[in-house]
Number of protein chains: 2
Amino acid sequence: MPSRHLKGLCFHPSKEARCVTCSLSSLCLPLSLNLEDIDQLDRIIKRRQPLKKGEYLFHQGDNFDCVYAVRSGSIKNYAMTNEGEEQITNFYLPSELVGLDGVDCDTYPVSAKALETTTVCEIPFSRLEELAVELPELRAQILRIMSKELRDDKQMMMLLSKKNAEERVATFLSNLSTRFKRRGYSPYTFRLPMSRNEIGNYLGLAVETVSRVFTRFQNNQLIAVNGKEVHILDMEQLGLLAGLVTQESSPRIASSS
Amino acid sequence: MPSRHLKGLCFHPSKEARCVTCSLSSLCLPLSLNLEDIDQLDRIIKRRQPLKKGEYLFHQGDNFDCVYAVRSGSIKNYAMTNEGEEQITNFYLPSELVGLDGVDCDTYPVSAKALETTTVCEIPFSRLEELAVELPELRAQILRIMSKELRDDKQMMMLLSKKNAEERVATFLSNLSTRFKRRGYSPYTFRLPMSRNEIGNYLGLAVETVSRVFTRFQNNQLIAVNGKEVHILDMEQLGLLAGLVTQESSPRIASSS
DNA sequence: CGCTTTCTTGAAAAGCGTCAAACTTAGTGG
DNA sequence: CCACTAAGTTTGACGCTTTTCAAGAAAGCG
(Lines give C-alpha, C1' and ligand atoms only; values in the text may rest on other atoms or scores of the structure.)
Protein backbone atom coordinates (compact mmCIF):
# COMPACT_ATOMS: atom_id res chain seq x y z
CA MET A 1 0.00 0.00 0.00
CA PRO A 2 2.60 2.61 0.74
CA SER A 3 3.96 2.91 -2.76
CA ARG A 4 2.80 6.12 -4.37
CA HIS A 5 5.52 8.64 -5.02
CA LEU A 6 8.41 6.38 -5.84
CA LYS A 7 8.76 6.80 -9.59
CA GLY A 8 12.12 7.44 -11.15
CA LEU A 9 13.53 9.11 -8.11
CA CYS A 10 14.66 5.96 -6.47
CA PHE A 11 18.45 5.88 -6.68
CA HIS A 12 19.21 2.30 -5.74
CA PRO A 13 16.06 0.34 -6.34
CA SER A 14 17.13 -2.51 -4.07
CA LYS A 15 14.77 -4.53 -1.95
CA GLU A 16 15.05 -2.15 0.98
CA ALA A 17 15.53 1.09 -0.82
CA ARG A 18 12.76 3.05 0.82
CA CYS A 19 12.30 4.50 4.26
CA VAL A 20 8.79 3.09 4.55
CA THR A 21 9.99 -0.46 4.14
CA CYS A 22 13.20 0.05 6.06
CA SER A 23 13.39 -2.10 9.14
CA LEU A 24 14.86 0.83 10.99
CA SER A 25 12.13 3.23 10.10
CA SER A 26 10.79 3.34 13.61
CA LEU A 27 14.20 4.28 14.95
CA CYS A 28 15.66 6.48 12.29
CA LEU A 29 14.96 10.07 11.39
CA PRO A 30 11.28 9.74 10.52
CA LEU A 31 10.42 8.63 14.02
CA SER A 32 7.42 10.82 14.31
CA LEU A 33 6.63 11.50 10.70
CA ASN A 34 3.50 10.26 9.07
CA LEU A 35 3.54 8.17 5.91
CA GLU A 36 3.32 11.08 3.49
CA ASP A 37 6.14 12.91 5.19
CA ILE A 38 8.26 9.80 5.08
CA ASP A 39 7.69 9.54 1.36
CA GLN A 40 8.97 13.06 0.96
CA LEU A 41 12.01 12.33 3.06
CA ASP A 42 12.50 9.14 1.12
CA ARG A 43 12.97 11.04 -2.09
CA ILE A 44 15.97 13.02 -0.92
CA ILE A 45 17.82 10.04 0.52
CA LYS A 46 20.51 8.15 -1.35
CA ARG A 47 21.71 4.67 -0.40
CA ARG A 48 25.43 4.56 -0.76
CA GLN A 49 27.50 1.64 -1.84
CA PRO A 50 28.49 -0.39 1.22
CA LEU A 51 31.69 0.81 2.85
CA LYS A 52 34.34 -1.79 3.55
CA LYS A 53 36.12 -1.90 6.88
CA GLY A 54 38.50 1.04 7.18
CA GLU A 55 36.87 3.11 4.44
CA TYR A 56 35.80 6.65 5.13
CA LEU A 57 32.35 8.16 5.10
CA PHE A 58 33.99 11.56 5.24
CA HIS A 59 37.26 13.09 6.40
CA GLN A 60 37.80 15.80 8.97
CA GLY A 61 37.89 18.98 6.91
CA ASP A 62 35.74 17.73 4.01
CA ASN A 63 32.96 20.04 2.95
CA PHE A 64 29.93 19.44 5.09
CA ASP A 65 27.05 18.50 2.88
CA CYS A 66 25.36 15.36 4.13
CA VAL A 67 24.37 13.58 7.27
CA TYR A 68 24.24 9.79 7.27
CA ALA A 69 21.97 7.22 8.86
CA VAL A 70 23.70 3.93 9.55
CA ARG A 71 21.72 1.00 8.14
CA SER A 72 24.04 -1.86 9.01
CA GLY A 73 27.57 -2.12 10.35
CA SER A 74 29.18 0.59 12.43
CA ILE A 75 31.08 3.85 12.19
CA LYS A 76 33.57 5.61 14.43
CA ASN A 77 34.01 9.36 14.59
CA TYR A 78 37.42 10.68 15.48
CA ALA A 79 39.48 13.81 15.42
CA MET A 80 43.22 14.26 15.28
CA THR A 81 44.97 15.78 18.25
CA ASN A 82 47.78 18.26 17.71
CA GLU A 83 50.22 15.42 18.10
CA GLY A 84 48.60 13.39 15.39
CA GLU A 85 47.04 10.71 17.54
CA GLU A 86 43.40 9.98 16.99
CA GLN A 87 40.74 10.70 19.54
CA ILE A 88 37.53 8.75 19.06
CA THR A 89 34.51 10.87 19.86
CA ASN A 90 31.72 8.43 19.10
CA PHE A 91 30.65 5.07 17.79
CA TYR A 92 27.54 4.76 15.66
CA LEU A 93 25.39 1.67 15.37
CA PRO A 94 22.54 1.01 12.94
CA SER A 95 19.72 3.57 13.02
CA GLU A 96 22.01 6.25 14.41
CA LEU A 97 22.75 9.53 12.66
CA VAL A 98 26.32 10.52 11.81
CA GLY A 99 27.59 13.97 10.93
CA LEU A 100 25.35 16.37 12.77
CA ASP A 101 28.18 18.16 14.56
CA GLY A 102 29.15 19.68 11.26
CA VAL A 103 25.92 21.63 10.91
CA ASP A 104 27.38 25.02 11.73
CA CYS A 105 30.72 24.69 9.99
CA ASP A 106 31.58 24.47 6.36
CA THR A 107 33.51 21.30 7.03
CA TYR A 108 33.18 18.14 9.11
CA PRO A 109 34.99 18.61 12.41
CA VAL A 110 35.77 14.89 12.65
CA SER A 111 36.43 11.94 10.38
CA ALA A 112 34.02 9.03 10.05
CA LYS A 113 35.43 5.60 9.32
CA ALA A 114 33.76 2.21 8.94
CA LEU A 115 34.64 -0.33 11.64
CA GLU A 116 33.29 -3.15 9.49
CA THR A 117 31.30 -3.50 6.28
CA THR A 118 28.73 -0.77 6.64
CA THR A 119 25.78 0.56 4.69
CA VAL A 120 24.36 4.03 5.16
CA CYS A 121 21.67 6.34 3.89
CA GLU A 122 23.07 9.62 2.68
CA ILE A 123 20.95 12.67 3.41
CA PRO A 124 21.94 15.90 1.66
CA PHE A 125 21.68 18.49 4.38
CA SER A 126 20.55 21.39 2.24
CA ARG A 127 17.62 19.36 0.95
CA LEU A 128 16.83 18.20 4.45
CA GLU A 129 16.66 21.83 5.50
CA GLU A 130 14.35 22.66 2.61
CA LEU A 131 12.13 19.79 3.55
CA ALA A 132 12.18 20.83 7.19
CA VAL A 133 10.61 24.14 6.23
CA GLU A 134 7.43 22.29 5.31
CA LEU A 135 7.54 19.54 7.90
CA PRO A 136 7.45 20.77 11.47
CA GLU A 137 7.74 17.22 12.75
CA LEU A 138 10.95 16.71 10.85
CA ARG A 139 12.31 19.95 12.25
CA ALA A 140 11.48 18.87 15.75
CA GLN A 141 13.05 15.49 15.14
CA ILE A 142 16.34 17.03 14.02
CA LEU A 143 16.43 19.21 17.11
CA ARG A 144 15.63 16.20 19.27
CA ILE A 145 18.45 14.17 17.79
CA MET A 146 20.97 16.97 18.30
CA SER A 147 19.75 17.61 21.79
CA LYS A 148 20.00 13.90 22.57
CA GLU A 149 23.57 13.92 21.35
CA LEU A 150 24.28 16.92 23.58
CA ARG A 151 22.99 15.03 26.59
CA ASP A 152 24.92 11.91 25.67
CA ASP A 153 28.03 14.03 25.47
CA LYS A 154 27.42 15.37 28.97
CA GLN A 155 27.12 11.79 30.16
CA MET A 156 30.41 11.03 28.50
CA MET A 157 32.03 14.02 30.18
CA MET A 158 30.72 12.73 33.48
CA LEU A 159 32.21 9.33 32.76
CA LEU A 160 35.57 10.78 31.83
CA SER A 161 35.85 13.09 34.79
CA LYS A 162 34.38 11.01 37.59
CA LYS A 163 34.47 7.31 36.83
CA ASN A 164 37.30 4.86 37.32
CA ALA A 165 38.35 2.22 34.83
CA GLU A 166 35.84 -0.43 35.95
CA GLU A 167 32.96 2.02 35.94
CA ARG A 168 33.90 3.26 32.49
CA VAL A 169 34.00 -0.17 30.94
CA ALA A 170 30.79 -1.20 32.70
CA THR A 171 29.09 1.94 31.39
CA PHE A 172 30.37 1.28 27.92
CA LEU A 173 29.05 -2.28 27.86
CA SER A 174 25.68 -1.34 29.37
CA ASN A 175 25.32 1.41 26.85
CA LEU A 176 26.09 -0.87 23.90
CA SER A 177 23.71 -3.45 25.31
CA THR A 178 20.90 -0.91 25.46
CA ARG A 179 21.52 0.20 21.92
CA PHE A 180 21.61 -3.34 20.58
CA LYS A 181 18.41 -4.11 22.42
CA ARG A 182 16.67 -1.10 20.90
CA ARG A 183 17.72 -2.33 17.49
CA GLY A 184 16.03 -5.63 18.16
CA TYR A 185 19.14 -7.62 18.97
CA SER A 186 19.95 -9.45 22.17
CA PRO A 187 21.11 -7.13 24.91
CA TYR A 188 23.03 -10.05 26.45
CA THR A 189 25.08 -11.34 23.57
CA PHE A 190 26.73 -9.20 20.95
CA ARG A 191 29.89 -8.66 19.00
CA LEU A 192 32.00 -5.60 19.68
CA PRO A 193 32.60 -3.87 16.37
CA MET A 194 35.67 -2.07 17.71
CA SER A 195 39.08 -3.15 18.99
CA ARG A 196 40.29 -2.96 22.59
CA ASN A 197 42.52 -0.14 21.47
CA GLU A 198 39.54 1.82 20.18
CA ILE A 199 37.59 1.16 23.36
CA GLY A 200 40.49 2.46 25.41
CA ASN A 201 40.90 5.48 23.20
CA TYR A 202 37.21 6.30 23.51
CA LEU A 203 37.07 5.74 27.27
CA GLY A 204 40.28 7.57 28.05
CA LEU A 205 42.09 4.44 29.20
CA ALA A 206 45.19 2.58 28.10
CA VAL A 207 44.55 -0.59 26.07
CA GLU A 208 46.12 -2.63 28.82
CA THR A 209 43.69 -1.25 31.37
CA VAL A 210 40.70 -2.16 29.21
CA SER A 211 42.05 -5.65 28.77
CA ARG A 212 42.63 -6.03 32.51
CA VAL A 213 39.13 -4.83 33.36
CA PHE A 214 37.64 -7.30 30.87
CA THR A 215 39.55 -10.10 32.54
CA ARG A 216 38.53 -8.95 36.00
CA PHE A 217 34.86 -8.75 34.97
CA GLN A 218 35.19 -12.25 33.57
CA ASN A 219 36.77 -13.60 36.76
CA ASN A 220 33.90 -12.10 38.68
CA GLN A 221 31.22 -13.69 36.51
CA LEU A 222 29.97 -10.34 35.27
CA ILE A 223 30.60 -11.12 31.64
CA ALA A 224 32.06 -13.82 29.43
CA VAL A 225 34.34 -12.59 26.69
CA ASN A 226 35.78 -14.40 23.74
CA GLY A 227 37.64 -11.99 21.54
CA LYS A 228 35.01 -9.56 20.34
CA GLU A 229 32.10 -11.71 21.43
CA VAL A 230 30.60 -10.51 24.67
CA HIS A 231 28.02 -12.23 26.88
CA ILE A 232 26.64 -10.24 29.72
CA LEU A 233 26.08 -12.64 32.61
CA ASP A 234 25.04 -10.26 35.35
CA MET A 235 23.29 -7.28 33.83
CA GLU A 236 22.18 -5.93 37.17
CA GLN A 237 25.61 -5.86 38.72
CA LEU A 238 27.03 -4.37 35.52
CA GLY A 239 24.42 -1.65 35.63
CA LEU A 240 25.20 -0.92 39.25
CA LEU A 241 28.87 -0.54 38.48
CA ALA A 242 28.08 1.62 35.48
CA GLY A 243 25.86 3.88 37.52
CA LEU A 244 28.78 5.44 39.29
CA VAL A 245 28.83 3.02 42.20
CA THR A 246 31.44 3.65 44.83
CA GLN A 247 28.95 3.29 47.64
CA GLU A 248 30.84 2.62 50.81
CA SER A 249 29.23 -0.72 51.46
CA SER A 250 28.98 -2.05 47.93
CA PRO A 251 30.52 -5.46 47.29
CA ARG A 252 33.66 -4.27 45.58
CA ILE A 253 34.89 -6.33 42.67
CA ALA A 254 37.82 -8.38 43.88
CA SER A 255 41.03 -7.24 42.26
CA SER A 256 42.14 -10.05 39.99
CA SER A 257 44.22 -11.99 42.55
CA MET B 1 16.06 55.31 14.78
CA PRO B 2 15.44 51.67 15.51
CA SER B 3 12.36 52.20 17.59
CA ARG B 4 9.26 51.11 15.74
CA HIS B 5 7.50 48.11 17.21
CA LEU B 6 8.20 48.62 20.86
CA LYS B 7 4.86 49.75 22.28
CA GLY B 8 3.48 48.10 25.35
CA LEU B 9 5.26 44.86 24.76
CA CYS B 10 8.41 45.83 26.53
CA PHE B 11 8.48 43.98 29.83
CA HIS B 12 11.25 45.78 31.62
CA PRO B 13 11.60 49.15 29.93
CA SER B 14 15.11 49.68 31.20
CA LYS B 15 17.82 51.42 29.29
CA GLU B 16 18.95 48.26 27.59
CA ALA B 17 15.72 46.41 27.29
CA ARG B 18 15.85 45.70 23.59
CA CYS B 19 17.91 43.38 21.46
CA VAL B 20 18.69 46.13 18.95
CA THR B 21 20.34 48.29 21.56
CA CYS B 22 21.86 45.41 23.48
CA SER B 23 25.62 45.56 23.54
CA LEU B 24 25.69 41.84 23.00
CA SER B 25 23.51 41.90 19.94
CA SER B 26 26.34 41.02 17.65
CA LEU B 27 27.15 37.95 19.71
CA CYS B 28 23.83 36.72 20.90
CA LEU B 29 21.11 34.81 19.14
CA PRO B 30 20.31 37.38 16.43
CA LEU B 31 23.79 37.11 15.03
CA SER B 32 22.71 36.97 11.47
CA LEU B 33 19.24 38.43 11.68
CA ASN B 34 18.33 41.70 10.07
CA LEU B 35 16.78 44.58 11.99
CA GLU B 36 13.19 43.57 11.37
CA ASP B 37 13.82 40.01 12.41
CA ILE B 38 15.49 41.21 15.57
CA ASP B 39 12.47 43.30 16.39
CA GLN B 40 10.32 40.20 16.11
CA LEU B 41 12.65 38.25 18.34
CA ASP B 42 12.74 41.17 20.71
CA ARG B 43 9.06 40.89 21.35
CA ILE B 44 9.16 37.36 22.67
CA ILE B 45 12.07 37.96 25.03
CA LYS B 46 11.66 38.75 28.69
CA ARG B 47 14.35 40.32 30.85
CA ARG B 48 14.33 38.60 34.17
CA GLN B 49 15.10 40.13 37.50
CA PRO B 50 18.82 39.83 38.22
CA LEU B 51 19.75 36.57 39.92
CA LYS B 52 21.85 36.81 43.04
CA LYS B 53 24.82 34.53 43.55
CA GLY B 54 23.65 31.00 44.25
CA GLU B 55 20.15 31.49 42.85
CA TYR B 56 18.81 29.13 40.23
CA LEU B 57 17.78 29.83 36.68
CA PHE B 58 16.19 26.39 36.60
CA HIS B 59 16.56 23.06 38.37
CA GLN B 60 17.33 19.68 36.89
CA GLY B 61 13.91 18.16 36.29
CA ASP B 62 12.00 21.43 35.91
CA ASN B 63 9.72 21.64 32.92
CA PHE B 64 11.67 22.74 29.92
CA ASP B 65 10.12 25.90 28.56
CA CYS B 66 12.74 28.58 28.05
CA VAL B 67 16.29 29.07 26.94
CA TYR B 68 18.29 31.93 28.42
CA ALA B 69 20.87 34.35 27.04
CA VAL B 70 23.30 35.58 29.68
CA ARG B 71 23.53 39.39 29.66
CA SER B 72 25.91 39.90 32.55
CA GLY B 73 27.38 37.70 35.25
CA SER B 74 27.81 33.97 34.80
CA ILE B 75 26.00 30.66 35.13
CA LYS B 76 27.10 27.12 35.81
CA ASN B 77 25.28 24.05 34.56
CA TYR B 78 25.54 20.92 36.63
CA ALA B 79 23.95 17.54 37.08
CA MET B 80 23.81 15.31 40.11
CA THR B 81 25.62 12.01 39.98
CA ASN B 82 23.99 8.92 41.47
CA GLU B 83 25.97 9.55 44.61
CA GLY B 84 24.65 13.06 44.99
CA GLU B 85 27.79 14.97 44.13
CA GLU B 86 27.50 17.65 41.53
CA GLN B 87 29.14 17.44 38.15
CA ILE B 88 29.57 20.75 36.39
CA THR B 89 28.97 20.42 32.68
CA ASN B 90 29.44 24.00 31.56
CA PHE B 91 30.06 27.61 32.48
CA TYR B 92 28.24 30.36 30.62
CA LEU B 93 29.50 33.91 30.18
CA PRO B 94 27.63 36.91 28.81
CA SER B 95 26.18 36.46 25.32
CA GLU B 96 26.08 32.68 25.71
CA LEU B 97 22.92 30.62 25.53
CA VAL B 98 21.86 28.38 28.43
CA GLY B 99 19.38 25.54 28.34
CA LEU B 100 19.54 24.16 24.83
CA ASP B 101 20.28 20.61 25.92
CA GLY B 102 16.72 20.38 27.18
CA VAL B 103 15.23 20.78 23.72
CA ASP B 104 14.22 17.18 23.27
CA CYS B 105 13.12 16.41 26.81
CA ASP B 106 10.21 17.66 28.77
CA THR B 107 12.55 18.68 31.55
CA TYR B 108 15.96 20.32 31.92
CA PRO B 109 18.62 17.62 32.21
CA VAL B 110 20.83 19.86 34.36
CA SER B 111 20.49 22.65 36.89
CA ALA B 112 21.60 26.21 36.16
CA LYS B 113 22.89 28.33 39.03
CA ALA B 114 24.26 31.87 39.14
CA LEU B 115 27.94 32.14 40.08
CA GLU B 116 27.53 35.84 40.82
CA THR B 117 24.89 38.49 40.29
CA THR B 118 23.60 37.67 36.86
CA THR B 119 21.07 39.05 34.40
CA VAL B 120 19.56 37.02 31.61
CA CYS B 121 17.09 37.27 28.77
CA GLU B 122 14.42 34.63 28.96
CA ILE B 123 13.31 33.17 25.65
CA PRO B 124 10.18 31.00 25.71
CA PHE B 125 11.11 28.06 23.54
CA SER B 126 7.68 27.43 22.06
CA ARG B 127 7.50 31.00 20.83
CA LEU B 128 11.02 30.79 19.52
CA GLU B 129 9.97 27.76 17.51
CA GLU B 130 6.95 29.58 16.13
CA LEU B 131 9.13 32.46 15.14
CA ALA B 132 11.66 30.12 13.59
CA VAL B 133 9.01 28.93 11.17
CA GLU B 134 9.03 32.35 9.53
CA LEU B 135 12.69 33.22 9.94
CA PRO B 136 15.05 30.83 8.22
CA GLU B 137 18.03 32.76 9.54
CA LEU B 138 16.87 32.25 13.10
CA ARG B 139 16.43 28.56 12.44
CA ALA B 140 19.91 28.30 11.07
CA GLN B 141 21.28 30.24 14.03
CA ILE B 142 19.71 27.86 16.53
CA LEU B 143 21.18 24.89 14.70
CA ARG B 144 24.56 26.63 14.59
CA ILE B 145 24.53 27.24 18.32
CA MET B 146 23.63 23.64 19.10
CA SER B 147 26.19 22.34 16.69
CA LYS B 148 28.81 24.62 18.21
CA GLU B 149 27.97 23.23 21.62
CA LEU B 150 28.32 19.71 20.24
CA ARG B 151 31.79 20.51 18.99
CA ASP B 152 32.76 22.18 22.23
CA ASP B 153 31.67 19.04 24.04
CA LYS B 154 33.89 16.92 21.83
CA GLN B 155 36.77 19.21 22.71
CA MET B 156 35.94 18.74 26.36
CA MET B 157 35.90 14.99 25.93
CA MET B 158 39.30 15.24 24.33
CA LEU B 159 40.56 17.27 27.26
CA LEU B 160 39.21 14.81 29.77
CA SER B 161 40.51 11.71 28.10
CA LYS B 162 43.90 12.82 26.83
CA LYS B 163 45.20 15.83 28.73
CA ASN B 164 47.06 15.94 32.01
CA ALA B 165 46.42 18.43 34.80
CA GLU B 166 48.63 21.22 33.40
CA GLU B 167 47.17 20.91 29.94
CA ARG B 168 43.65 20.98 31.31
CA VAL B 169 44.14 24.13 33.31
CA ALA B 170 46.01 25.79 30.43
CA THR B 171 43.14 24.92 28.11
CA PHE B 172 40.62 26.23 30.57
CA LEU B 173 42.39 29.58 30.93
CA SER B 174 42.97 29.98 27.19
CA ASN B 175 39.36 29.22 26.56
CA LEU B 176 38.13 31.76 29.09
CA SER B 177 40.55 34.30 27.69
CA THR B 178 39.16 33.83 24.19
CA ARG B 179 35.62 34.20 25.39
CA PHE B 180 36.36 37.35 27.36
CA LYS B 181 38.13 38.81 24.36
CA ARG B 182 35.16 38.13 22.13
CA ARG B 183 32.98 39.95 24.63
CA GLY B 184 35.19 42.99 24.33
CA TYR B 185 37.15 42.47 27.54
CA SER B 186 40.85 42.05 27.96
CA PRO B 187 42.03 38.54 27.12
CA TYR B 188 44.97 39.05 29.45
CA THR B 189 43.33 40.17 32.67
CA PHE B 190 40.08 38.85 34.03
CA ARG B 191 38.31 37.65 37.11
CA LEU B 192 37.38 34.00 37.42
CA PRO B 193 33.71 33.83 38.28
CA MET B 194 34.05 30.32 39.72
CA SER B 195 35.88 28.80 42.67
CA ARG B 196 38.90 26.50 42.47
CA ASN B 197 36.60 23.75 43.56
CA GLU B 198 34.30 24.38 40.62
CA ILE B 199 37.22 24.53 38.21
CA GLY B 200 38.44 21.19 39.52
CA ASN B 201 35.01 19.66 39.31
CA TYR B 202 34.63 20.84 35.71
CA LEU B 203 38.09 19.72 34.63
CA GLY B 204 37.97 16.37 36.36
CA LEU B 205 40.70 17.28 38.85
CA ALA B 206 40.93 17.56 42.62
CA VAL B 207 40.87 21.11 44.03
CA GLU B 208 44.35 20.61 45.35
CA THR B 209 45.63 19.74 41.90
CA VAL B 210 44.11 22.87 40.39
CA SER B 211 45.68 24.95 43.12
CA ARG B 212 49.08 23.34 42.60
CA VAL B 213 48.98 23.89 38.85
CA PHE B 214 48.08 27.56 39.38
CA THR B 215 51.10 27.93 41.64
CA ARG B 216 53.34 26.11 39.20
CA PHE B 217 52.17 28.31 36.31
CA GLN B 218 52.85 31.34 38.48
CA ASN B 219 56.35 30.16 39.37
CA ASN B 220 57.02 29.72 35.68
CA GLN B 221 55.87 33.21 34.77
CA LEU B 222 53.00 31.89 32.70
CA ILE B 223 50.36 33.70 34.71
CA ALA B 224 50.00 35.88 37.77
CA VAL B 225 47.16 34.95 40.09
CA ASN B 226 45.70 36.82 43.00
CA GLY B 227 42.65 35.04 44.30
CA LYS B 228 40.22 35.08 41.42
CA GLU B 229 42.11 37.73 39.48
CA VAL B 230 44.14 36.23 36.67
CA HIS B 231 46.77 37.89 34.49
CA ILE B 232 48.05 35.91 31.59
CA LEU B 233 51.72 36.75 31.17
CA ASP B 234 52.73 34.33 28.43
CA MET B 235 49.74 33.68 26.20
CA GLU B 236 51.79 31.84 23.62
CA GLN B 237 53.25 29.34 26.04
CA LEU B 238 49.87 28.87 27.65
CA GLY B 239 48.35 28.17 24.26
CA LEU B 240 51.07 25.67 23.47
CA LEU B 241 50.43 23.82 26.69
CA ALA B 242 46.70 23.92 26.08
CA GLY B 243 47.10 22.52 22.59
CA LEU B 244 47.98 19.11 23.90
CA VAL B 245 51.72 19.64 23.99
CA THR B 246 53.77 16.70 25.09
CA GLN B 247 56.15 17.08 22.18
CA GLU B 248 59.30 15.20 23.01
CA SER B 249 61.52 18.24 22.84
CA SER B 250 59.24 20.84 24.36
CA PRO B 251 60.64 22.81 27.29
CA ARG B 252 58.73 21.04 30.02
CA ILE B 253 57.47 23.22 32.83
CA ALA B 254 59.81 22.79 35.77
CA SER B 255 58.02 21.10 38.62
CA SER B 256 57.68 23.67 41.37
CA SER B 257 61.07 23.14 43.04
C1' DC C 1 51.38 -21.41 6.95
C1' DG C 2 53.96 -17.54 8.31
C1' DC C 3 53.71 -12.78 9.29
C1' DT C 4 51.62 -8.82 11.33
C1' DT C 5 48.51 -6.98 14.29
C1' DT C 6 45.93 -7.31 18.36
C1' DC C 7 45.34 -8.86 22.92
C1' DT C 8 46.90 -10.23 27.47
C1' DT C 9 49.80 -10.26 31.53
C1' DG C 10 53.45 -8.75 34.68
C1' DA C 11 56.42 -5.41 36.98
C1' DA C 12 57.83 -0.79 37.79
C1' DA C 13 56.94 4.18 37.66
C1' DA C 14 54.32 8.31 37.60
C1' DG C 15 50.63 11.29 38.18
C1' DC C 16 46.95 12.53 40.67
C1' DG C 17 43.81 11.96 44.66
C1' DT C 18 43.25 11.82 49.51
C1' DC C 19 44.16 13.30 54.06
C1' DA C 20 45.61 16.73 57.14
C1' DA C 21 46.86 21.15 58.56
C1' DA C 22 47.98 26.05 57.99
C1' DC C 23 46.59 30.05 55.96
C1' DT C 24 43.57 33.52 53.58
C1' DT C 25 39.39 35.60 52.33
C1' DA C 26 34.58 36.61 52.79
C1' DG C 27 30.62 37.17 55.35
C1' DT C 28 28.22 38.24 59.88
C1' DG C 29 27.14 40.42 63.95
C1' DG C 30 28.40 42.95 67.94
C1' DC D 1 35.07 49.09 62.46
C1' DC D 2 36.72 45.14 64.26
C1' DA D 3 36.35 40.48 65.90
C1' DC D 4 34.73 36.07 64.90
C1' DT D 5 33.42 32.22 62.19
C1' DA D 6 32.83 29.75 58.04
C1' DA D 7 34.31 28.92 53.62
C1' DG D 8 37.76 28.73 50.27
C1' DT D 9 42.71 28.17 49.13
C1' DT D 10 47.38 26.53 49.51
C1' DT D 11 50.97 23.27 50.74
C1' DG D 12 53.06 18.90 52.19
C1' DA D 13 53.22 13.84 52.76
C1' DC D 14 51.60 9.53 51.38
C1' DG D 15 49.15 5.93 48.83
C1' DC D 16 46.55 4.10 45.10
C1' DT D 17 44.97 3.76 40.43
C1' DT D 18 46.42 3.86 36.05
C1' DT D 19 50.09 4.33 32.67
C1' DT D 20 54.20 2.83 30.70
C1' DC D 21 57.38 -0.53 29.23
C1' DA D 22 58.28 -5.13 27.91
C1' DA D 23 57.37 -9.62 26.38
C1' DG D 24 54.66 -13.51 25.35
C1' DA D 25 50.08 -15.48 23.46
C1' DA D 26 46.32 -15.35 20.32
C1' DA D 27 44.08 -14.00 16.34
C1' DG D 28 43.53 -12.08 11.79
C1' DC D 29 45.21 -11.81 7.05
C1' DG D 30 47.45 -12.60 2.80
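Below, chain A is the first sequence line, B the second, and so on; all start at residue 1.
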Looking at B/K53, B/E96, B/E116, which one forms a side-chain hydrogen bond (donor to acceptor under 3.5 Å, both in side chains) with B/S74?
B/E116
When you measure from the side-chain N and O atoms of A/K228 to the phosphate of D/dG28, is any distance below 4.0 Å, counting only OP1 and OP2?
no
Start with the C-alpha distance between A/K113 and A/E55, add both sets of side-chain angles, then the distance that settles salt bridge (Lys or Arg N to Asp or Glu O under 4.0 Å), and finish with yes or no.
CA-CA 6 Å; A/K113 196 175 189 175; A/E55 288 182 335; over 6 Å; no
When the nearest nucleotide of DNA chain C is assigned to A/G227 and to B/V207 on a heavy-atom basis, which residue is associated with the more 5' position?
A/G227
Under 3.5 Å, is there an N or O donor on one side and an acceptor on the other linking the side chain of A/E208 and the base of C/dC7?
no
Using a cut-off of strictly less than 4.0 Å, decide whether B/S195 has a side-chain nitrogen or oxygen near OP1 or OP2 of D/dG8.
no
If you measure from CG on B/N90 to CG on B/D152, what distance do you get to the nearest 0.5 Å?
7.5 Å
From CG of B/N197 across to P of D/dA7 the rounded distance in Å is 13 Å
What contact category does B/G200 fall into here, base, sugar-phosphate, or nothing, at under 4.0 angstrom with non-hydrogen atoms?
nothing
Please state how far atom CZ in B/R212 lies from atom P in D/dG12, giving the value in whole angstrom units.
9 Å
Angle of first-five versus last-five pair axes in the helix from C/dC1-D/dG30 to C/dG30-D/dC1, to 10 degrees
50°
Whole angstrom is fine here: how far is it from CG in A/N164 over to P in D/dT19?
11 Å
Verify side chain to side chain donor-acceptor pair (under 3.5 Å) between A/S111 and A/H59, making sure each step is shown before the conclusion.
CA-CA 4 Å; A/S111 299; A/H59 289 83; 5.9 Å; no
Could you check B/K53 against B/V210 and say which one's nearest nucleotide on DNA chain C is further toward the 5' end?
B/V210
Taking all atoms of both residues into account, what is the closest heavy-atom pair of A/Y78 and A/I88, and its distance?
CB-CA, 3.8 Å
Has B/T209 got a side-chain N or O lying under 4.0 Å from the OP1 or OP2 atom of C/dG17?
yes
Verify the neighbour count for atom OH of B/Y185: are there more than 12 heavy atoms of other residues, nucleotides or ligands below 6.0 Å?
no
What's the CG-P distance between B/L192 and D/dT9, to the nearest Å?
10 Å
Angle between ring planes, A/F64 versus A/Y108, binned at 30° and 60°: parallel, tilted or perpendicular?
perpendicular
From CG of B/L203 across to P of C/dC16 the rounded distance in Å is 12 Å
Both A/N226 and A/A165 contact DNA chain D. Which one's nearest nucleotide lies toward the 5' end?
A/A165
Here the distance between atom C1' of D/dA25 and atom CZ of A/R196, to the nearest Å, is 14 Å
What is the distance from CG of B/N219 to P of D/dT10, rounded to the nearest Å?
12 Å
Spacing between A/F214 atom CZ and C/dT8 atom P, to the nearest angstrom
8 Å
